[in-house]
J.: 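Okay, handing you the structure first.
Naming convention: chains lettered A, B, ... in sequence-line order (proteins, then strands); numbering from 1 in each chain.
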Number of protein chains: 2
Amino acid sequence: MSRSTEGGSISEARERLLNTATRIFYTEGIHSVGVDRIVEEAKVTRATLYRHFSGKDDLVLAYLSLADQGIRGQVATAVASSESAPDQVRAVAKSITAGIRSPGFRGCAFLNAVAEYPDASHPIHQSVMAHREWFLNTVTDLLAQTGGGPADAAGRHLVMLRDGAMAAGCLFDPELISDTFLHGVEGILHARTA
Amino acid sequence: MSRSTEGGSISEARERLLNTATRIFYTEGIHSVGVDRIVEEAKVTRATLYRHFSGKDDLVLAYLSLADQGIRGQVATAVASSESAPDQVRAVAKSITAGIRSPGFRGCAFLNAVAEYPDASHPIHQSVMAHREWFLNTVTDLLAQTGGGPADAAGRHLVMLRDGAMAAGCLFDPELISDTFLHGVEGILHARTA
DNA sequence: CCGTCAAGACCGAACGTTCTCCCCTGGCGG
DNA sequence: CCGCCAGGGGAGAACGTTCGGTCTTGACGG
């Protein structure tokens with residue numbers, strides 16, 4: 001476990017910092033927590049934080065980048081789990097509801113972040129936009145493979161449903177939200193394969 | 001214009017304060033703006049703010065209450081504009097897309113606020129929840145009047161679509177979002193009246 | 001020797017909040 | 001008519017705390 005070979009540029013303190021920041025930013029928001037909290041709970045000093053990140057914004061960017069990687073992996077796993085395009089869409093939808101049902105779910109990290117950074121020129125806002133663009137393209141491509149012509153409208157429909165499910169998933173019964181979402185996805189699929 | 005009779009308990013400074021707070025909180029978020037900004041742009045002094053509100057949180061609550069009143073009025077107008085239940089749902093949906101299309105749209109004031117106040121015990125969080133409960137009940141009642149049995153699932157579906165449309169409306173082309181949303185609403189209606 | 005980290009002092013600025021002082025206006029009693 | 005005063009509002013200083021960020025010192029280990 002202490003094997004830090006292979007490149008070796010990975011700092012253990014940096015990892016603790018990023019994990020702590022991820023947990024706190026996700027559950028409590030960004031503007032409302034100061035670097036003191038993160039530094040304290042990560043058991044590092046301020047100097048260590050600023051040695052690894054250029055500032056708080058950079059830490060937030062790293063947090064979102066980590067979340068982005070996680071979701072991309074999750075989608076890739078879901079797509080790899082099925083053969084047919086419709087089932088791949090269903091698998092992606094199921095992975096979303098799995099997140100909504102999981103304890104500690106606090107909504108979409110990206111939607112939450114963009115609510116705190118409305119300025120479109122801000123790097124954090126742009127990071128959110130980039131993630132959303134990737135996700136829209138990914139599900140649109142997936143839907144296109146189900147046949148039934150251009151999937152742009154269906155892709156937007158699916159993303160809209162996902163955004164609503166993610167936003168409400170921590171404000172309402174997660175089971176009902178998940179059921180409603182999956183039902184809506186089946187509707188989108190049915191409209192294309194019918 | 002200076003006629004301030006009739007009760008006269010309405011303070012002109014308070015109104016300026018609340019309007020300014022509404023504009024700034026909605027467009028820039030809550031935690032990221034200080035009372036100094038609001039006080040300055042409302043052309044009042046800090047003392048005046050604290051004479052009318054018990055603190056910043058109270059001002060935020062008043063902002064959300066104002067937004068709540070606005071939306072309730074908007075829904076009431078939409079419902080009154082049509083005779084049949086399906087057309088009333090369409091009218092409500094159109095009023096939502098009108099908001100999304102309007103310049104300066106920054107998403108749902110309540111979803112944005114709750115992203116900054118994840119703590120369920122916080123009064124601001126609870127204020128958002130109360131608004132959302134009212135909205136869900138309202139659209140569920142409306143859908144129930146279209147016939148087709150219990151409308152709980154349809155109501156949740158509609159709210160989910162609305163949440164997604166409001167969340168993405170300021171992150172993507174508002175016209176495409178509006179079209180996608182209205183198309184989804186027609187789908188919900190079609191499933192009930194078919 | 002050099003990079004990493006702990007520990008903590010320190011900075012200027014902004015935070016939410018409270019304070020005092022004074023002006024202005026309107027109502028009321030003498 | 002006049003004097004008084006209560007109260008809303010403006011102006012601004014100041015409160016103590018926290019913010020994000022920098023700096024120093026010294027211990028440890030490759």
J.: Looking only at heavy atoms, what is the nearest atom pair of B/Ser178 and B/Ile100, with distance?
T.: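 Heavy atoms of B/Ser178 and B/Ile100 come nearest at OG-CG2, 3.9 Å.
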J.: Could you check how far CG of A/Leu49 sits from P of D/dG21, rounded to whole Å?
T.: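 To the nearest whole Å, that distance equals 9 Å.
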J.: Atom CD of B/Glu116 and atom P of C/dC15: how far apart are they, to the nearest Å?
T.: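 The answer, rounded to whole Å, is 14 Å.
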J.: In terms of side-chain geometry, is the basic nitrogen of B/Asp152 or B/Arg156 positioned less than 4.0 Å from the acidic oxygen of its partner?
T.: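 Salt bridge: no.
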J.: Measure across A/Leu142 and A/Ala85 and return the closest heavy-atom pair with its distance rounded to 0.1 Å.
T.: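 Smallest interatomic distance, heavy atoms only, reads O-CB, 4.0 Å.
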J.: Measure from CG on B/Asp57 to C1' on C/dT17 and round the result to the nearest Å.
T.: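 So the two atoms are 13 Å apart, to the nearest Å.
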J.: Rounded to whole angstrom units, what separation is found between the CG atom of A/Leu59 and the C1' atom of D/dG20?
T.: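 From A/Leu59 CG to D/dG20 C1': 12 Å.
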J.: Tell me which residues in residues 31-41 of chain A lie within less than 4.0 Å of DNA chain D, going by non-hydrogen atoms.
T.: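 Result for residues 31-41 of chain A: A/Val33, A/Gly34, A/Val35, A/Asp36, sorted by number.
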J.: Answer yes or no: does a side-chain N or O of B/Tyr50 lie under 4.0 Å from OP1 or OP2 of C/dT17?
T.: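 Looking at the OP1 and OP2 atoms of C/dT17, one of them is under 4.0 Å from a side-chain N or O of B/Tyr50.
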J.: With a 4.5 Å heavy-atom cut-off, do A/Arg162 and A/Cys108 have their side chains touching?
T.: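 Yes, side chains in contact.
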J.: So which protein N/O to nucleotides 3-7 of chain C N/O distances come out below 3.5 Å?
T.:
unit_1 : atom_1 : unit_2  : atom_2 : d
C/dC5  : OP1    : A/Ser11 : OG     : 2.6
C/dC5  : OP2    : A/His52 : NE2    : 2.7
C/dA6  : OP1    : A/Lys43 : O      : 2.8
C/dA6  : OP2    : A/Thr45 : N      : 3.3
C/dA6  : OP2    : A/Thr48 : OG1    : 3.0

J.: Once the angle between the rings of B/Phe135 and B/His131 is folded into 0 to 90°, is it parallel (under 30°), tilted (30 to 60°) or perpendicular (over 60°)?
T.: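 Ring orientation of B/Phe135 relative to B/His131: parallel.
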J.: Whole-Å distance between D/dT18 C1' and A/Lys56 NZ?
T.: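 For the pair A/Lys56 NZ and D/dT18 C1', the rounded distance is 11 Å.
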J.: Does B/Tyr117 have its ring centroid less than 6.0 Å away from the ring centroid of B/His125?
T.: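 Ring-ring flag for B/Tyr117/B/His125: false, centres at least 6.0 Å apart.
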J.: In whole Å, what is the span from the CD atom of B/Glu28 to the C1' atom of C/dC15?
T.: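 After rounding, the reported distance stands at 16 Å.
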J.: May I ask you to test the A/Leu111-A/Arg132 pair for a side-chain heavy-atom distance under 4.5 Å?
T.: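 A side-chain contact exists here, since the closest heavy-atom pair is under 4.5 Å.
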J.: Show the nearest heavy-atom pair for residues B/Ser81 and B/Ala78, with the distance to one decimal.
T.: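 Closest heavy-atom pair between B/Ser81 and B/Ala78: OG-O, 2.6 Å.
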